[in-house]
Amino acid sequence: MTDLIRRSELALPACNDHMFVKGVTCGADLVFLDLEDATPVGLKVESRAKAIRALTELDWGRTARAVRINGLDTQWCHDDIIEVVTHAGSHLDTIVIPKARTAKDVWWVDLLLTQLESKLGLDRKIRLEVLIEEVEGLANAEEIVRASPRLDAVIFGVGDFSLSQGARVDTNFVPMGDYPGDFWAYARNKIMVAARIAGIDAIDSPYPDYADVAGYEAEARRSSLYGYTGKWAIHPSQVPIANEVFAPSAEEIALAHRNVAAYREAEAAGRGAVGVEGVLVDAAHVKKAEEVLARAALIGVG
């Protein structure tokens with residue numbers, strides 16, 4: 001995992017500037033202005049200017065500023081990057097790359113950004129996040145996530161992935177029939193493992209039924225068990241749920257403190273493991289506890 005906080009990533013259509021102020025002030029860790037799926041074809045060009053104004057004129061506070069560009073196989077992608085970075089590069093933290101199929105997709109964006117940053121004299125590198133939302137992208141996930149040192153997160157894009165796979169699901173990407181367990185377990189696990197190999201964060205998919213608060217929370221908690229560090233939100237109401245779910249709980253923090261203290265005491269006495277309330281605690285448990293405590297400190301809880 002990285003040392004960035006990405007519990008919640010909120011999508012805002014780049015064409016809907018009336019949503020911008022509420023979106024960037026709702027407490028999301030990252031907000032991305034979406035030039036891709038959420039912006040109609042007829043508004044894609046003019047929406048770049050709206051995104052640029054939002055990046056340069058609004059007070060984003062601690063929220064990371066991002067833009068999702070159009071796909072590399074479209075006519076808009078090249079100009080999305082050039083125009084947004086040229087006019088708002090110093091106010092942009094992250095570019096989200098959709099529908100990555102191979103490592104070359106990430107490499108191409110990295111190369112173009114490197115040229116622009118040099119040309120514009122930008123003194124801070126723009127980060128990248130990449131969406132796995134094609135079956136080819138899932139097959140190449142390990143190579144994709146290691147394609148650029150700019151890349152700090154990989155996202156499971158379940159909507160387009162379900163289309164790419166030909167899955168029979170409803171508008172909330174739930175299977176239209178009985179299925180035991182998590183329908184997307186293989187994809188989620190493969191993306192999670194790829195993220196860990198690369199040392200980057202994994203962000204779980206959107207949940208379109210934003211009125212179903214309990215369903216969003218349940219899915220977020222399940223993906224957190226896989227090791228995901230955050231989830232997309234398509235409505236501000238989902239943001240506080242993700243922020244809570246993907247932060248260590250008070251119980252996890254207390255357990256981590258207890259295990260570290262017990263192990264250090266045993267270590268000082270020359271023992272490499274210790275029993276705590278009938279449960280073995282060894283070096284592996286301490287590494288896990290230290291990871292929990294480091295994330296709690298990063299977020300500012302516990």
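Note that these values count all heavy atoms, side chains included, but never hydrogens, waters or copies made by symmetry.
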Answer yes or no: is there a side-chain heavy-atom contact under 4.5 Å between [X] and [Y]?
X      : Y      : value
Thr39  : Asn16  : no
Ile155 : Val130 : no
Ile203 : Thr229 : yes
Thr74  : Glu36  : no
Pro208 : Thr171 : no
Val245 : Ile241 : yes
Glu129 : Ile97  : no
Asn140 : Arg101 : no

So if you build clusters from Ile, Leu, Val, Met, Phe, Trp, Tyr with side-chain heavy-atom gaps below 4.5 Å, do [X] and [Y] land together?
X      : Y      : answer
Val109 : Val96  : no
Phe173 : Tyr186 : yes
Ile5   : Leu92  : no
Ile200 : Ile95  : yes
Leu12  : Leu58  : yes

Could you list the cluster mates of Leu163? Members are the ILVMFWY residues connected by side-chain heavy atoms closer than 4.5 Å, either directly or through other members.
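Once heavy-atom contacts under 4.5 Å are chained together, Leu163 still belongs with nothing else.
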Under a single-linkage rule joining Ile, Leu, Val, Met, Phe, Trp and Tyr whose side-chain heavy atoms are separated by less than 4.5 Å, which residues share a cluster with Val174?
none
N/O donor-acceptor pair under 3.5 Å between [X] side chain and [Y] backbone:
X      : Y      : answer
Thr63  : Ala28  : yes
Asn172 : Asp209 : yes
Asn243 : Gly27  : yes

Salt bridge Lys287-Glu291, side-chain N to carboxylate O under 4.0 Å:
no
Glu219 and Lys231 ion-paired at < 4.0 Å
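Here Glu219 pairs with Lys231 in a salt bridge, since their nearest N and O are under 4.0 Å apart.
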List for me each residue that meets side-chain contact (heavy atoms from CB on, under 4.5 Å) alongside Thr86, sequence neighbours excluded, and say none if there are none.
Ile82, Leu116, Leu120
Contacts of type side-chain contact (heavy atoms from CB on, under 4.5 Å), residue Ser249, not counting sequence neighbours:
Glu251, Glu252
By the side-chain hydrogen bond (donor to acceptor under 3.5 Å, both in side chains) test, which pairs, at least two apart or in different chains, include something from residues 149-167?
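Those involving residues 149-167 are Lys99-Asp160, Asp110-Arg150, Thr114-Arg150, Glu117-Arg150, Arg127-Asp152, Glu134-Ser164.
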Taking only residues at least two apart or on different chains, which pairs with a member in residues 274-283 satisfy side-chain hydrogen bond (donor to acceptor under 3.5 Å, both in side chains)?
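For residues 274-283, and leaving out neighbouring residues, the side-chain hydrogen bond (donor to acceptor under 3.5 Å, both in side chains) pairs sorted by first residue read Arg258-Glu277, Asp282-His285.
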As a quick check of understanding, evaluate salt bridge (charged side-chain N to carboxylate O under 4.0 Å, His left out) for Glu267 and Arg271, giving each step before the final call.
CA-CA 5 Å; Glu267 189 177 45; Arg271 302 195 306 273; over 6 Å; no
Which is it for Arg68 and Leu35 under the side chain to side chain contact (heavy atoms under 4.5 Å, CB included) test, yes or no, and what are the steps along the way?
CA-CA 6 Å; Arg68 176 162 68 161; Leu35 291 166; over 6 Å; no
If a pair satisfies ring pair (Phe, Tyr, Trp, His ring centres under 6.0 Å) and one of its residues is in [range], list it, with sequence neighbours excluded.
range            : result
residues 40-81   : none
residues 222-280 : Phe32-Trp232, Tyr210-His235
residues 129-149 : none

Quick check: closest heavy atoms across [X] and [Y], and the distance to 0.1 Å?
X      : Y      : answer
Lys50  : Cys15  : NZ-O, 2.9 Å
Val31  : Gly23  : CG2-O, 3.6 Å
Ala100 : Ile144 : O-CD1, 3.9 Å
Ala266 : Ala273 : CB-O, 4.1 Å
Pro206 : Ile234 : CB-CG2, 3.9 Å
Phe20  : Pro13  : CE2-O, 3.4 Å

Considering residues at least two apart in sequence or located in another chain, which fulfil the ring pair (Phe, Tyr, Trp, His ring centres under 6.0 Å) criterion with Phe183?
Tyr179
Side chain to side chain contact (heavy atoms under 4.5 Å, CB included) between Glu143 and Thr102: does it pass, once the steps are laid out?
CA-CA 7 Å; Glu143 290 76 25; Thr102 69; over 6 Å; no
I'd like to know whether CD of Glu265 has more than 12 heavy-atom contacts from other residues, nucleotides or ligands below 6.0 angstrom.
no
Reported [atom1]-to-[atom2] distance for the pair [X] and [Y], which is rounded to 0.5 angstrom:
X      : Y      : atom1 : atom2 : value
Gln75  : Cys77  : CD    : SG    : 11.5 Å
Trp107 : Leu112 : CH2   : CG    : 10.5 Å
Glu142 : Lys190 : CD    : NZ    : 3.5 Å
Leu113 : Ser118 : CG    : OG    : 12.5 Å
Leu30  : Ser8   : CG    : OG    : 8.5 Å
Ile191 : Glu133 : CD1   : CD    : 9.5 Å

Is there any salt bridge (charged side-chain N to carboxylate O under 4.0 Å, His left out) pair reaching into residues 21-32, and which pairs are they, with sequence neighbours excluded?
Arg7-Asp29
Return each pair, listed once, that meets salt bridge (charged side-chain N to carboxylate O under 4.0 Å, His left out) where at least one residue sits in residues 78-97; pairs must be two or more places apart or across chains.
Arg48-Asp80, Arg48-Glu83, Arg65-Asp93, Asp93-Arg124
Kindly determine whether Glu46 and Leu43 satisfy side chain to side chain contact (heavy atoms under 4.5 Å, CB included), including the steps that lead there.
CA-CA 6 Å; Glu46 67 182 69; Leu43 299 178; 3.6 Å; yes
Check the pair Leu293 / Ile253 against side chain to side chain contact (heavy atoms under 4.5 Å, CB included), numbers first and verdict last.
CA-CA 6 Å; Leu293 296 176; Ile253 294 169; 4.0 Å; yes
Is the closest side-chain donor-acceptor distance between Thr2 and Asp201 under 3.5 Å?
yes
Asp212 versus Tyr207, side-chain donor and acceptor atoms under 3.5 Å:
yes
